[in-house]
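Counting starts at 1 for both ligands and their atoms, in listed order.
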Amino acid sequence: MSDPVFSPHAFNKVAIIGLGLIGSSFARALREKGLAKNISGSARSQKTAELAEAIGVVDKAFANPADAVRDADLVFLAMPVQATESVLRAIKPALRADAIITDGGSSKGNVEAAARAVFEKIPAGFVPGHPIAGSEQSGVLAGRADLFLRHKVILTPLPETSPDALTSVRALWQAMGAEVLEMTVAKHDEVLAKTSHLPHLLAFSLVDTLARESENLDIFRYAAGGFRDFTRIAASDPVMWHDIFLANKSAVLNALQHFTDGVSELRDAIEQEDSEALLGIFTRAKVARDHFTHMLAGTAYTKTMKSKNIEFLVQAGGALNGTFRVPGDKSISHRSIMLGSIAEGVTEVSGFLEGEDALATLQAFRDMGVVIEGPNNGAVKIHGVGLHGLQAPPGAIYCGNSGTSMRLLSGILAAQAFDTVMTGDASLSKRPMERVARPLRAMGAEILTTGEKGTPPVTIKGGKALKGLHYDMPMASAQVKSCVLLAGLWAEGDTVVTEPAPTRDHTERMLRGFGYDVKVEGATVTVKGGGRLTATRIDVPADISSAAFFMVGASIAEGSDVTLQHVGLNPTRIGVINILRAMGGDLTVFNAREVGGEPVADIRIRSAKLKGIRIPEDQVPLAIDEFPSLFIAAACAEGETVLTGAEELRVKESDRIQVMADGLTTLGIKAEPTPDGIVIQGGQIGSGRVVSHGDHRIAMSFAMAALCSSGPIEIEDCANVATSFPDFTGLARRAGLHIAVTEKE
Ligand code: S3P
């Protein structure tokens, strides 16, 4: 046998008191990682002690814990928590003065109390802890060296705990592969009462109740997966759990009271056949549980967690072909949830974009008490609560990457009776919010933005009566226009907005669809407060902004012929078609129709020789989101393309002028940024690695660039493509783009 290899941080002697699942797993992990030169143990049962020694889990096992801890530099308590005081009393005389003492108990308040009862002064080496790992199995034979691998360990240092001892215990758990967190004893007990102790209590109770009710245990033969999943933990160690519930009595009773209230709410809903209440509880629970599943899988559902780093690798060449439909319009999807929520009755939406931005809006309204079913393959059912039915959300509203969510919601929230705070991800947290705060303040709202630049978080004080406003918008922004119009629904009198150039008018169209009177005269829109919205049906067309990548891709890749179905062709959005046509693009619009107040058509795009143009400034607001992909078209065109009057591009999800100029330059294209636009010389796109700065449209645009490049293009930071175009890569691959995705931790 080869000599054991010890870690440089190895302890000379570790004593483990209690050799059940946790204690024996700890011993096995110490051995496997070379973290202890000698391991002694103590178990209450003679048989366990003998077995542990016989199978080599410990070097020596003792019946008396004091014998085990003699000379130990680390003591780990792994017996049931109620025994903590008696064990500490027993080992106290034998403890080395500088020994580190830690434990694995599931409740921490009583461990602290036990230590305070035994020691006049808590030893500096005392570091209470709790590995959140286990299994329904128990005993020395159930232990596993990898039990703590990728599991969390919570350390709850006391005021007396020395920083050195804390560092050693932290390093030890990390060496076993665990993730170490720190919190106070009280916080630990409150959190664990809810997330661990309560579910165990319910599982024990359900199994016992059913078992007692039935004549014999045969009933379990008919119990299917739901029962099995729910009650697995009822097979856990009874003594251990007896101790935990008594040890964490008050936090458990609080959690139980909360749960009992929830169950009686459900009971009433069933008794009264209150479908809306039932659906509300179930849909909220499903979303929360899905969120948890995503957290466990390490993927981002909302971006409060660190998201994975996704990269695209696109091989040069290829052509795009086929007939398909891109996902639903982002702007219309946001608005369908907002207006559906404040309407009276049930609004049914189809074609809803299940991207993270629109889902952030959906979640915001769920947080404000609106029952929303779905999305299920684009189908969403919103149980509107009327203009005065929103409720205070339980915490800050998280808007993720979505400027539309935050800016439009500002208008709605400014008029509510309750206070709110909205936050966003790193990109959204840099974007200007004063542009909506200023007009809302002029209407009587109390709204705060953050920092010198007036960025998120945005804090809104509720209970302010709003007054109508005549607002001349200083910039062409549909988000600002929509925000003010939405606030106008609650304001006294007329709210009138004039825009310097036409911007998307989905809010105006959809308000009408909900039966709300909206007057449009030239560049001026007027709504009167105090009306009501009536639920309707909304068919969300495919997003022209997502279609744009395929319009550009098919135009620049020789041999392409793509038909995009059911694309929304609202006249305020068709700049990309006008500009591509002006560059020589071959686009045919056919099958034009109107769906729910929005024009829709199919578009056929065939490859064409493009030429550089000076982009007319009146097209800028009509193509505002499509410039990243149009810049790729310009890079493939013959001659120079000049864009001016587009300074708004600098405050999108990234500074799209600078970021595109940087990427194009990396790929060998001459691209000169200007304060309000860019000058691009068409040429041969080369190979290289570009950074999207977390901007979905930059990532997708550079992916299309590979259709015309001389070599592969790597694109960094592409996770946010999911904000507007879930499965972009799948669809693009099926159409003919040679795109691969890599995911890095
Ligand atoms: C949007 C308006 C535009 C656009 C954004 C969506 C909307 O923003 O860029 O992607 O849904 O109202 P601005 O209003 O800032 O121009």
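Looking at His506 and Ser331, their side chains never bring a donor and an acceptor atom within 3.5 Å of each other. No hydrogens or angles considered: a donor-acceptor pair under 3.5 Å links the side chains of Arg593 and His566.
Protein heavy atom at the shortest distance from atom 11 (O) of ligand 1 is Ser331 OG, 2.6 Å. Closest to atom 1 (C) of ligand 1 among all protein heavy atoms lies Gln479 NE2, 3.5 Å. Regarding atom 8 (O) of ligand 1, its nearest protein heavy-atom neighbour is Lys652 NZ, 3.1 Å. At the shortest separation from atom 14 (O) of ligand 1 among protein heavy atoms lies Ser477 OG, 2.6 Å.
Using a cutoff of 4.0 Å between basic side-chain nitrogens and carboxylate oxygens, Asp329 and Arg573 are scored as salt-bridged.
One finds the CD1 atom of Ile624 at 5.0 Å from the NZ atom of Lys652 (value rounded to the nearest 0.5 Å).
The N/O atoms of Ala478, backbone and side chain alike, include one that comes under 3.5 Å of an N/O atom in ligand 1.
Evaluated by nearest non-hydrogen atom to atom 7 (C) of ligand 1, the leading choice among Arg335, Arg407, Lys330 is Arg335. Distances from atom 9 (O) of ligand 1 to the heavy atoms of Asp357, Asp625, Thr503, Thr507 put Asp625 nearest.
Gln479 pairs in a side-chain hydrogen bond (donor to acceptor under 3.5 Å, both in side chains) with only one of the listed residues (Arg407, Arg504, Arg435), which is Arg407.
Put simply, the side chain of Met422 does not reach to within 4.5 Å of the side chain of Pro456, judged on heavy atoms.
Heavy atoms of Lys481 found under 4.0 angstrom from ligand 1: none, in either backbone or side chain.
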